[in-house]
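Below is one structure, written out as structure tokens, with a few remarks after it.
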Amino acid sequence: MDLKGFDQPGGRAAGDTRSVKVMIAGGFGTGKTTMVRSVSDIKPLTTEETLTQASADVDRLIGVADKTQTTVSLDFGKIGINESLVLYLFGTPGQERFWFLWNGLFKGALGAIVLVDTRRLESSFRAIEEMERQEVPFVVALNVFPDSSNYPVEEIRDALDIPEHTPVIAFDARDRASSRDVLVALIHHLKERSAVALEPR
């Protein structure tokens with residue numbers, strides 16, 4: 001991938017490799033931890049804890065009744081896109097009681113992936129609102145679950161009120177290649193935004 005003209009605040013690692021912080025956000029049970037695990041080049045750091053009866057009145061399990069663990073702080077992974085670009089992945093917790101952690105996690109992020117479960121669109125509204133509030137460029141990744149309905153992408157875009165310039169991509173968070181494709185799409189989106197920002201007005 002050609003990174004010429006790619007304006008970003010990330011640091012540089014050994015060998016003139018550019019490092020970029022990317023957020024993996026979304027609602028509870030949308031597949032953030034699964035994506036970080038599937039795509040990371042290193043063993044990911046996860047902060048999952050077992051869901052207990054004590055949290056039954058706090059964590060809404062509608063649509064994810066089989067979920068037994070939840071992220072309580074963050075997930076962390078790393079992937080080399082090519083010899084000159086490394087992405088550091090920070091997965092956010094999805095439940096409302098941990099949203100206070102988001103502000104710290106977003107510091108220094110160049111862009112984000114917002115995961116969406118098409119069976120529960122409302123679970124990712126908050127993540128999309130947060131991207132817009134913090135002015136973090138993002139792409140929407142529709143995680144395809146086995147019992148997901150096959151909605152047209154444009155129908156999902158309308159339902160989520162996503163601008164035309166924001167990419168919306170269907171993928172499988174369990175699949176490394178599919179998850180990597182979403183990250184590459186984000187990098188292309190950031191490059192396009194950077195080019196537009198540099199255009200004379």
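- Using a 4.5 Å heavy-atom threshold, the side chains of Val168 and Val116 count as separate.
- A salt bridge does not link Arg126 with Glu129: none of the charged nitrogens is closer than 4.0 Å to a carboxylate oxygen.
- Between the Arg37 side chain and the Ala173 main chain, no donor and acceptor come within less than 3.5 Å of each other.
- Both Val153 and Phe138 are assigned to one and the same hydrophobic cluster, defined by single-linkage of ILVMFWY side chains at heavy-atom distances under 4.5 Å.
- Distance alone, capped at 3.5 Å, is enough to place a donor-acceptor pair between the Ser123 side chain and the Arg120 backbone.
- Counting heavy atoms from C-beta on, the side chains of Phe125 and Asp161 never come closer than 4.5 Å.
- Nearest heavy atoms, Val22 versus Ala112: CG1-CA, 4.4 Å.
- Looking only at side-chain heavy atoms (C-beta outward), Arg176 and Ile79 come within less than 4.5 Å of each other.
- Side-chain N or O atoms of Lys21 include one that pairs as donor or acceptor with a backbone N or O of Lys107 at under 3.5 Å.
- The main-chain N or O of Ile81 is found under 3.5 Å from a side-chain atom of Arg180 such that the two form a donor-acceptor pair.
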Check step by step if side-chain contact (heavy atoms from CB on, under 4.5 Å) holds for Phe106 and Val136. CA-CA 8 Å; Phe106 273 90; Val136 175; 3.9 Å; yes

Could you walk me through whether Val36 and Leu45 pass the side-chain contact (heavy atoms from CB on, under 4.5 Å) check? CA-CA 9 Å; Val36 173; Leu45 166 69; over 6 Å; no

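- In terms of modelled atom types and a separation under 3.5 Å, the side chain of Asn143 and the main chain of Leu115 share no donor-acceptor contact.
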Could you give me the CA-CA distance, side-chain angles and deciding distance for Leu190 and Leu110, then say whether side-chain contact (heavy atoms from CB on, under 4.5 Å) is met? CA-CA 8 Å; Leu190 295 174; Leu110 184 66; 3.7 Å; yes

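- Contact record, Pro146 with Arg174: CG-NH1, 4.4 Å, taken as the closest heavy-atom pair.
- Two different hydrophobic clusters hold Val144 and Met35 under the rule that ILVMFWY side chains link at heavy-atom gaps under 4.5 Å.
- Counting heavy atoms from C-beta outward, Asp41 and Lys78 have side chains that stay 4.5 Å or more apart.
- A donor-acceptor pair is defined here as one N or O able to donate and one able to accept, closer than 3.5 Å; no such pair exists between the side chain of Thr166 and the backbone of Val139.
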Could you give me the CA-CA distance, side-chain angles and deciding distance for Thr33 and Asp75, then say whether side chain to side chain donor-acceptor pair (under 3.5 Å) is met? CA-CA 6 Å; Thr33 300; Asp75 298 314; 2.5 Å; yes

Could you walk me through whether Glu130 and Arg133 pass the salt bridge (charged side-chain N to carboxylate O under 4.0 Å, His left out) test, one step at a time? CA-CA 5 Å; Glu130 191 66 15; Arg133 185 181 74 81; 2.6 Å; yes

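- Distance check, rounded to the nearest 0.5 Å: CZ of Arg18 to CG of Leu87 gives 12.0 Å.
- Taking the side chain as every heavy atom from C-beta outward, Ile24 and Ile113 approach each other to under 4.5 Å.
- Formation of a donor-acceptor pair under 3.5 Å by the Ser149 side chain with backbone atoms of Arg119 is not found in this model.
- Distance check, rounded to the nearest 0.5 Å: CG of Leu89 to NZ of Lys32 gives 14.0 Å.
- Side-chain contact between Ile156 and Ile162: absent, with no pair of heavy atoms (C-beta onward) separated by less than 4.5 Å.
- From Asp147, atom CG reaches atom OG1 of Thr118 across 8.5 Å, with rounding to the nearest 0.5 Å.
- Listed here is the closest heavy atom pair of His189 and His165: CE1-O, 3.2 Å.
- In terms of heavy-atom proximity, Gly77 sits nearest to Ser40 at CA-OG, 3.5 Å.
- Summarising the local packing, CG of Asn150 is surrounded by 12 or fewer heavy atoms from other residues, nucleotides or ligands at distances under 6.0 Å.
- In this structure, the side chains of Val182 and Val39 stay at 4.5 Å or more apart for every pair of heavy atoms.
- Note: Ile187 CD1 to Leu85 CG = 5.0 Å, rounded to the nearest 0.5 Å.
- Minimum interatomic distance between Thr92 and Ala25 (heavy atoms only, all atoms of both residues): OG1-CA, 3.4 Å.
- Hydrophobic clustering (ILVMFWY, side-chain heavy atoms < 4.5 Å, transitive): Phe145 and Leu142 are in distinct clusters.
- Under a 3.5 Å cut-off, the side chain of Ser124 and the backbone N or O of Gly26 do not form any donor-acceptor pair.
- Ile42 has its side chain within reach of Phe76: a pair of non-hydrogen atoms, C-beta onward, lies under 4.5 Å apart.
- Between the Ser178 side chain and the Asp172 main chain, a donor and an acceptor come within less than 3.5 Å of each other.
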